[in-house]
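One structure below.
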Amino acid sequence: MVDLFGLTSAVLGFIAEGKRITPGDIHVSGNDCVYPASPAHALGICAILLLIVAQIIASVAGGCCGCCRPGGGASKSTRRVVGVVVSILSWVMTGIAVRYYKQGVEWNTAGTRRASLAGFYDEFSYLKGGVFVRAAVLSLVATSLGIKSCFLLRAPPATPGPEDGAEEPKPDGQYGAAVGLPQWQAQGNGRAP
C-alpha cells in the first residue's frame, strides 16, 4: 500500500506540473489578475493526502518509527538505529514535498490577485515551472525511505555471533555444551528383571 500510494502521489505531481496555470492563462482586468481554475489544484491536494497516508502506513508498519517495536522486530542494534534514522529522513522528505505541493496548490487556486505596476505595464505573479516535479521526486524518495525503514525495523534480530560473546555453533546448529548422558530406551523382551 505504501508503494502504491507514494507512487500515485508522485504521478499526480507530474500530471499537476503539466496542468498548472501558465502566464497565458492569467487575464489582467484593471489592476487585478484573474487566475482561472486549474486541475493542478485538486491534483496537488490529492498528492498531499496520498503521500501523508503512505508515510503513516509505513510508520505504523515499521513500529511507529521504532518507538513501538513489533513482535520479532529488530533489537537494539545498528540495524534498528539505522531504521529509525531512515524513518525520520523519510518524514523530513515528506515535509519538504508537502511544502512544495502546498505552494503549487496555492498558486493554482482560482481567484483574483492584485497586479503590481512595473513601469507602464501591470505585472502579475505566477508559479514558475518545476515545483510539482520537485514535490513528485521527493515523494518517491520519501516513499522509498519509508519502505526501507519498515524493512529495517521489522527484520528479525540477528543471531548472536562469536563477536557478541556467544558460543560457537556446533555442526548440528545448536549452541552450548551437552549436559548429561544420552538416554537410551532399554531394548528387551518387555519383561521386568
| query | Quick one: side-chain hydrogen bond (donor to acceptor under 3.5 Å, both in side chains) pairs with a partner in residues 40-57, sequence neighbours left out? | reply | H41-T109, Q55-S90
Restricting to non-hydrogen atoms, name the atom on [X] and the atom on [Y] that form the minimum distance, rounded to 0.1 Å.
X	Y	answer
A47	S9	O-OG, 2.9 Å
G6	S139	O-CB, 4.4 Å
F132	G44	CE2-CA, 4.2 Å
F5	A54	CB-CB, 3.7 Å
P36	I21	O-CD1, 3.3 Å
A142	T94	CB-OG1, 3.4 Å

| said: Donor-acceptor pair, distance only, cut-off 3.5 Å: does the side chain of Y100 make one with the backbone of L138? | reply: no
| Main-chain N/O of L4 paired with T8 side-chain donor or acceptor, under 3.5 Å | yes
Same apolar cluster: [X] and [Y], side chain cutoff 4.5 Å:
X	Y	answer
F151	M1	yes
I147	I88	no
I45	L12	no
V92	V141	yes

| side-chain contact (heavy atoms from CB on, under 4.5 Å) between L51 and T143, intermediate numbers included | CA-CA 8 Å; L51 181 59; T143 301; 4.1 Å; yes
Please list all pairs meeting salt bridge (Lys or Arg N to Asp or Glu O under 4.0 Å) that have one or both residues in [range], counting only residues at least two apart or in different chains.
range	value
residues 9-19	E17-R20
residues 43-54	none
residues 82-102	K102-E106

Go through the structure and list residues passing side chain to side chain contact (heavy atoms under 4.5 Å, CB included) with [X], not counting sequence neighbours.
X	answer
S144	none
L140	L7, A10
I52	I48, I56, V98
V86	V82, L145, K148, S149, L152

| remark: So OH of Y101 and CG of L50: to nearest 0.5 Å the spacing works out to 9.0 Å
| When Ile, Leu, Val, Met, Phe, Trp and Tyr are grouped by side-chain heavy atoms lying under 4.5 Å apart, directly or through other members, which residues fall in the same group as V133? | F14, V137
| note | Hits for side-chain hydrogen bond (donor to acceptor under 3.5 Å, both in side chains) against D3, two or more places apart or cross-chain, chain-then-number order -> none
